[in-house]
Trainee: 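Sharing a structure, written as structure tokens. Questions coming.
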Amino acid sequence: MTKHTTILDHIGNTPLLKLKHVTNGLAVDIYVKCEFTNPGGSIKDRMALCMIEEAERRGDLKPGGTIVDQSTGNTGPALSFVGNVKGYDVKIFLPAQLKSAYNSADRVRISRLYGAEVTPIDINEFIENADKLEGVERAASFVAIRMKQAYDLQQNDPSYWWANQLCNPDNTKAHSEFTGREILKQMDGTIDAWVASVGTGGTLLGVAQTLKEACPDMKVAGVVPTDDPRIEWVRSRAVHKALKKFGGPELRFIIEDILEGNVMDEEITIENTDAKNMADRLCSEEGLYCGMSSGANVCAAIQMAKTMDKGAKIVTVIVDRRDRYFAEYPNEHYVV
């Protein structure tokens with residue numbers, strides 16, 4: 001038995017599988033990187049570990065410190081998991097409400113079971129007539145409020161470290177140095193397309209950087225859900241305006257690196273219903289116990305496959321486990 005091994009040593013080195021059933025009739029092969037097999041149940045385990053360890057190395061996060069961030073989906077549980085194992089307190093701000101089907105109860109339970117303090121934030125407590133806000137403006141305001149709270153904690157108490165997943169370059173590093181290299185090795189260096197949700201930008205960008213070095217002609221597609229178009233609140237600078245409005249800091253988002261670097265050859269928009277239906281099929285037909293963002297990724301990969309030459313190889317990612325959405329069943333909501 002290896003000395004000093006912890007559960008964190010089992011993050012990464014996840015399987016990569018070729019889909020067999022949901023791809024019937026396609027002349028292209030689609031492979032999925034099974035990140036839901038990480039010990040914390042999602043791809044965010046990699047990001048959390050890398051961000052925390054880099055913060056430790058720099059001295060930004062010290063023993064006895066507290067990790068703080070805002071989250072909608074998997075980052076809260078991941079930071080809670082990794083932070084708990086490393087002996088830190090963790091404080092997470094989650095939205096109390098988004099779309100009508102959104103219910104964060106399972107993500108809250110997971111985070112609290114790992115020992116985190118979780119605070120659901122009601123946008124109505126911070127914005128007068130918040131119900132009148134629509135679309136990008138509402139989403140940007142909500143994330144800006146939660147980012148400002150995390151920022152204030154760090155500014156007022158040096159024992160707090162704000163992970164800041166949306167802007168932290170170590171998010172990207174986790175996937176360029178680890179996820180991307182694993183995929184490249186598992187695919188024997190031959191990949192024609194990489195498809196992933198835009199999300200925070202870290203997975204899409206980090207993996208693309210590594211794969212493009214070996215396969216410069218490879219195509220990159222970013223998946224944008226109709227119910228969570230966060231790329232739009234960065235592209236329109238709505239989130240920057242909201243941060244300024246609420247007294248937050250000036251920040252550069254990872255998504256800005258994607259947009260300004262022209263990383264994506266294509267943006268593929270996926271409806272929440274289609275994402276859910278594909279997630280159901282991946283569970284029942286492929287044995288992949290995954291959530292809606294994984295369904296969206298596979299939907300987008302199939303859509304892209306129809307435009308590619310016979311024998312091409314597309315890689316996408318199975319992001320997380322289905323059980324963190326049980327509170328929303330049977331109308332689970334796409335959460336990045």
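Note that the coordinates shown come from a computational prediction; the quantities given were computed from them, not determined experimentally.
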Trainee: Listed by chain and number, what are the side chain to side chain donor-acceptor pair (under 3.5 Å) partners of Asp89, not counting sequence neighbours?
Mentor: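 Side chain to side chain donor-acceptor pair (under 3.5 Å) list for Asp89, sorted by chain: empty.
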Trainee: If only atom types and distance count, is the side chain of Gln303 paired as donor or acceptor with the main-chain N or O of Thr269 below 3.5 Å?
Mentor: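 Not confirmed, Gln303 side chain does not pair with Thr269 backbone.
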Trainee: Show the numbers, then the answer: is there a side-chain contact (heavy atoms from CB on, under 4.5 Å) between Glu53 and Lys86?
Mentor: CA-CA 10 Å; Glu53 291 193 337; Lys86 283 182 163 286; 3.3 Å; yes
Trainee: Indicate whether any N or O donor in one side chain lies under 3.5 Å from an N or O acceptor in the other, for Asn38 and Glu35.
Mentor: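 There is such a pair (donor and acceptor under 3.5 Å, judged by atom type) between the side chains of Asn38 and Glu35.
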Trainee: Which pair of heavy atoms, one from Thr75 and one from Ser71, lies closest together, and at what distance?
Mentor: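 Reported closest heavy-atom pair: N-OG, 3.5 Å.
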Trainee: Ring of Phe178, cation from Arg181 - is the NZ or CZ under 6.0 Å from the centre and inside 45° of the axis?
Mentor: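 No, Arg181 does not sit over the ring of Phe178.
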Trainee: Please check if any side-chain donor atom of Asn74 sits under 3.5 Å from a side-chain acceptor atom of Arg107, or the reverse.
Mentor: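 Their side chains do not contain a donor-acceptor pair, so the 3.5 Å distance test is not met.
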Trainee: If the condition is side chain to side chain donor-acceptor pair (under 3.5 Å), which residues does Glu232 pass it with, not counting sequence neighbours?
Mentor: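 Glu232 satisfies side chain to side chain donor-acceptor pair (under 3.5 Å) with Arg235 once adjacent residues are dropped.
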Trainee: What pairs of residues pass the ring-ring contact (aromatic ring centres under 6.0 Å, His included) test when at least one of them lies in residues 33-88, not counting sequence neighbours?
Mentor: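 Listed once each, the pairs are Phe81-Tyr114.
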Trainee: Is a donor on one side and an acceptor on the other found under 3.5 Å between the side chain of Asn168 and the backbone of Gln165?
Mentor: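 It does not hold such a pair.
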Trainee: Using side-chain heavy atoms (C-beta onward) and a distance below 4.5 Å, is Asp320 in contact with Ile43?
Mentor: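 Side-chain contact under 4.5 Å: no.
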Trainee: Going by atom types alone, do Asp157 and Ser159 pair a side-chain donor with an acceptor below 3.5 Å?
Mentor: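 Judged by distance alone, the side chains do pair up.
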Trainee: Kindly compute the distance separating CH2 (Trp162) from CE (Met51), expressed to the nearest 0.5 Å.
Mentor: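 With rounding to 0.5 Å, CH2 (Trp162) is 11.5 Å from CE (Met51).
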Trainee: Has Asp170 got a side-chain atom pairing as donor or acceptor with Cys50's backbone, closer than 3.5 angstrom?
Mentor: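 The answer is no, because no donor-acceptor pair under 3.5 Å joins these two groups.
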Trainee: Please check if the number of heavy atoms outside Lys219 that lie under 6.0 Å from its NZ is greater than 12.
Mentor: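 Atom NZ in Lys219 is not packed in, count stays at 12 or less.
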Trainee: List the atom pairs, with distances to 0.1 Å, where a side-chain N or O of residues 247-261 and a protein N or O form a donor-acceptor pair under 3.5 Å, not counting sequence neighbours.
Mentor:
| unit_1 | atom_1 | unit_2 | atom_2 | d |
| --- | --- | --- | --- | --- |
| Arg252 | NE | Asp257 | OD1 | 2.8 |
| Arg252 | NH1 | Glu260 | OE1 | 3.4 |
| Arg252 | NH1 | Glu260 | OE2 | 3.4 |
| Arg252 | NH2 | Asp257 | OD1 | 2.9 |
| Arg252 | NH2 | Glu260 | OE1 | 2.9 |
| Glu256 | OE2 | His240 | NE2 | 3.2 |
| Glu256 | OE2 | Phe253 | N | 2.7 |

Trainee: Are Ile67 and Leu113 grouped together when hydrophobic residues (ILVMFWY) are joined by side-chain heavy atoms under 4.5 angstrom apart?
Mentor: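 Not linked; separate clusters.
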Trainee: Applying side chain to side chain donor-acceptor pair (under 3.5 Å), name anything that partners Ser294, two or more places apart in sequence or on another chain.
Mentor: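 Once residues adjacent in sequence are excluded, Ser294 has no partner under the side chain to side chain donor-acceptor pair (under 3.5 Å) criterion.
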Trainee: Distance check, rounded to the nearest 0.5 Å: Thr37 atom OG1 versus Ile11 atom CD1?
Mentor: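 Here the rounded value is 11.0 Å.
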Trainee: Just by distance, no angles: are the side chains of Lys33 and Thr14 close enough, under 3.5 Å, to form a donor-acceptor pair?
Mentor: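 Indeed, the side chains of Lys33 and Thr14 share at least one donor-acceptor pair under 3.5 Å.
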Trainee: Taking atom CG of Asn24 as the centre, report whether more than 12 heavy atoms of other residues, nucleotides or ligands fall under 6.0 Å from it.
Mentor: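 Enclosed: over 12 neighbouring heavy atoms sit under 6.0 Å from CG of Asn24.
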Trainee: Hey, quick one: are Leu288 and Tyr329 part of the same hydrophobic cluster, counting side-chain heavy atoms closer than 4.5 Å, chains of contacts allowed?
Mentor: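 As far as the 4.5 Å side-chain criterion goes, Tyr329 and Leu288 are not connected within one cluster.
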Trainee: Under a 3.5 Å distance rule, please check whether Asn171 uses its side chain to pair with a backbone N or O of Met47 as donor and acceptor.
Mentor: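 Between the backbone of Met47 and the side chain of Asn171 there is no qualifying donor-acceptor contact (under 3.5 Å).
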Trainee: With sequence neighbours left out, write down each residue that passes side chain to side chain donor-acceptor pair (under 3.5 Å) with Gln155, or none if nothing qualifies.
Mentor: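 Residues passing side chain to side chain donor-acceptor pair (under 3.5 Å) with Gln155: none at all.
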Trainee: Report the distance from atom CZ of Arg57 to atom CD1 of Ile52, rounding to the nearest 0.5 Å.
Mentor: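 Going from the CZ atom of Arg57 to the CD1 atom of Ile52 covers 14.5 Å.
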